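Working notes for the structure below.
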Amino acid sequence: MKLQLSPAYGDYLANVPSPLSTSVIAAKANEKLIAEFRYIRANSTGTLAKFMDFLTYGYMIDNVALLITGTLHERDTRELLERCHPLGVFETMPVLCVATNVEELYNSVLVETPLAPYFKNTLSSADLDELNIEIIRNTLYKSYLEDFHDFCVTTPGLAGTPTAELMSEVLSFEADRRAINITINSFGTELSKQDRKKLYPSFGKLYPEGSYMLSKADDVEGVKAAVEGVSEYKSFFEQGMGQGAGSGHPKSLEDLFYQKEMDIAKMAFTQQFTYGVVFSWVKLREQVRLYSPTLSLGGLG
């Protein structure tokens, strides 16, 4: 196994004792990704530097949500730092660890983190106490995706370039996927249709008509009707529900979304002079870490 992985991970696995476990492979793959990402970011300037900063904001949202959860449950947030994703770690993160309540944490986030605009425009300290953490996370992701999309398609030097074209496709897909998943996961919960609608990003192939129909959906059939106008999403539901051709072993909707995401990421490398390859490189390399545990089950996922 070490021999097969040595071209890409030789330096990271050389001193690892045998037997080689899947958890070690995942950890070393992540370590390599983080090191290479930070190296590229340190040597980047201008719009590429800002673009790579945007790539880290999603991880920051997950990390801050983790710290919020710990604070709400009166856990020592310092212990949670070890569970935070390295790409979402920012210089002032230790400041959040001195917060003893949600109010202090909220004020620290507004002042000390790059996520300040997303919190300021969408959430209050009272929301952190009252809202489910997943609603908070999705509210922040909505603002983040809209901001990232706007940056890619309107920033001078990016607007009208292959970067804008590719990233618009990537981010539109992510916006649509989140809207569909939020809708399906809200069935049977206390989340109202109006509140659900507020979590949908205001762009994507489904926006605005499909988003409106999603906000009115009462069941999966309603979701299917909402995505009817986008052929690829329509086929996802047909395959995911075993209605497509050759559906003896239908894939889950999650699997189909994942496959589409990887297809978009791989296609990014067919274009030249686009920041999209950086985004796609991160996404593809993450899969080595996320799917390496399946090695013990006889496959790479």
Side-chain angles (χ1 to χ4, degrees), residues 50 53-81 83-85 87-152 154 171-172 174-204 206-208 211-212 214-215:
K50 182 62 176 177
D53 286 342
F54 266 108
L55 296 186
T56 67
Y57 292 167
Y59 302 104
M60 289 184 189
I61 290 173
D62 291 337
N63 288 349
V64 171
L66 181 64
L67 294 175
I68 291 173
T69 302
T71 301
L72 288 173
H73 292 85
E74 299 182 347
R75 294 182 57 183
D76 184 355
T77 50
R78 291 178 179 82
E79 297 178 4
L80 299 175
L81 284 177
R83 296 173 54 191
C84 290
H85 195 291
L87 284 184
V89 172
F90 42 89
E91 185 177 355
T92 55
M93 181 174 279
V95 175
L96 302 183
C97 295
V98 304
T100 58
N101 55 55
V102 172
E103 184 77 28
E104 290 182 5
L105 181 60
Y106 178 80
N107 291 332
S108 296
V109 168
L110 283 184
V111 175
E112 303 292 347
T113 80
L115 304 179
Y118 307 143
F119 272 88
K120 184 177 181 180
N121 295 334
T122 59
L123 295 167
S124 68
S125 58
D127 291 330
L128 302 192
D129 263 330
E130 298 171 2
L131 294 178
N132 179 284
I133 190 62
E134 286 305 314
I135 295 178
I136 295 172
R137 190 198 308 272
N138 282 302
T139 299
L140 294 173
Y141 259 100
K142 173 185 182 296
S143 296
Y144 158 61
L145 289 174
E146 291 172 349
D147 193 25
F148 195 4
H149 182 264
D150 183 67
F151 170 79
C152 291
T154 64
L171 295 173
S172 292
E174 181 60 25
D176 292 340
R177 174 167 62 175
R178 297 190 75 85
I180 292 170
N181 284 336
I182 287 169
T183 304
I184 293 175
N185 292 335
S186 71
F187 296 148
T189 70
E190 297 180 356
L191 186 66
S192 69
K193 291 181 178 180
Q194 188 61 34
D195 289 336
R196 183 173 75 194
K197 184 179 180 181
K198 294 177 182 178
L199 302 177
Y200 300 156
S202 57
F203 69 97
L206 292 176
Y207 182 82
S211 298
Y212 175 79
L214 283 176
S215 70

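This one's a predicted model, so the numbers in the text were calculated from it and none came from an experiment.
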Is there side-chain contact between [X] and [Y], with heavy atoms separated by less than 4.5 Å?
| X | Y | value |
| --- | --- | --- |
| Leu171 | Phe151 | no |
| Arg83 | Leu80 | yes |
| Leu67 | Asn63 | no |

What's the spacing between [X] [atom1] and [Y] [atom2] if we round to 0.5 Å?
| X | Y | atom1 | atom2 | value |
| --- | --- | --- | --- | --- |
| Lys142 | Lys198 | NZ | NZ | 10.5 Å |
| Leu140 | Tyr118 | CG | OH | 9.5 Å |
| Glu134 | Leu199 | CD | CG | 10.5 Å |
| Lys197 | Tyr212 | NZ | OH | 6.5 Å |
| Leu87 | Asp62 | CG | CG | 11.5 Å |
| Asn185 | Asn181 | CG | CG | 6.0 Å |

Legend entry - Salt-bridge criterion met for Asp53 and Lys50 (N-O under 4.0 Å):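 A salt bridge is absent here (no side-chain N lies under 4.0 Å from a carboxylate O).
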
Other residues, nucleotides and ligands only: do more than 12 of their heavy atoms fall within 6.0 Å of NZ on Lys193?
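Enclosed.
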
- Above 12 or not: heavy atoms from other molecules or residues under 6.0 Å from CZ of Phe187?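 Yes - once you tally the heavy atoms of other residues, nucleotides and ligands closer than 6.0 Å, there are more than 12.
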
Side-chain ([X]) to main-chain ([Y]) donor-acceptor, under 3.5 angstrom:
| X | Y | value |
| --- | --- | --- |
| Asp147 | Ser143 | no |
| Asp195 | Leu191 | no |
| Tyr106 | Leu123 | yes |
| Asn107 | Glu103 | yes |

Where is the tightest heavy-atom contact between [X] and [Y], given as atom of each residue plus distance?
| X | Y | value |
| --- | --- | --- |
| Leu214 | Thr183 | O-CG2, 3.6 Å |
| Met60 | Gly88 | CG-O, 3.4 Å |
| Asp176 | Leu206 | OD1-N, 3.3 Å |

*Whether His149 and Phe203 hold their rings parallel, tilted or perpendicular, with breakpoints at 30° and 60°*: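 The rings of His149 and Phe203 lie parallel, inter-plane angle below 30°.
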
| field | Positive for side-chain contact (heavy atoms from CB on, under 4.5 Å) with Ile61, one of Thr56, Leu115, Thr139 | value |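 With Ile61 as partner, side-chain contact (heavy atoms from CB on, under 4.5 Å) holds for just one option, Leu115.
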
*Check side-chain contact (heavy atoms from CB on, under 4.5 Å) between Ala116 and all other residues, then give those that pass, not counting sequence neighbours.*
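If we apply the side-chain contact (heavy atoms from CB on, under 4.5 Å) test to Ala116, skipping adjacent residues, there are no hits.
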
Would a line drawn from the ring center of Tyr57 to the ring center of Phe148 be shorter than 6.0 Å?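 Not close enough - the centres of the two rings lie 6.0 Å or further apart.
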
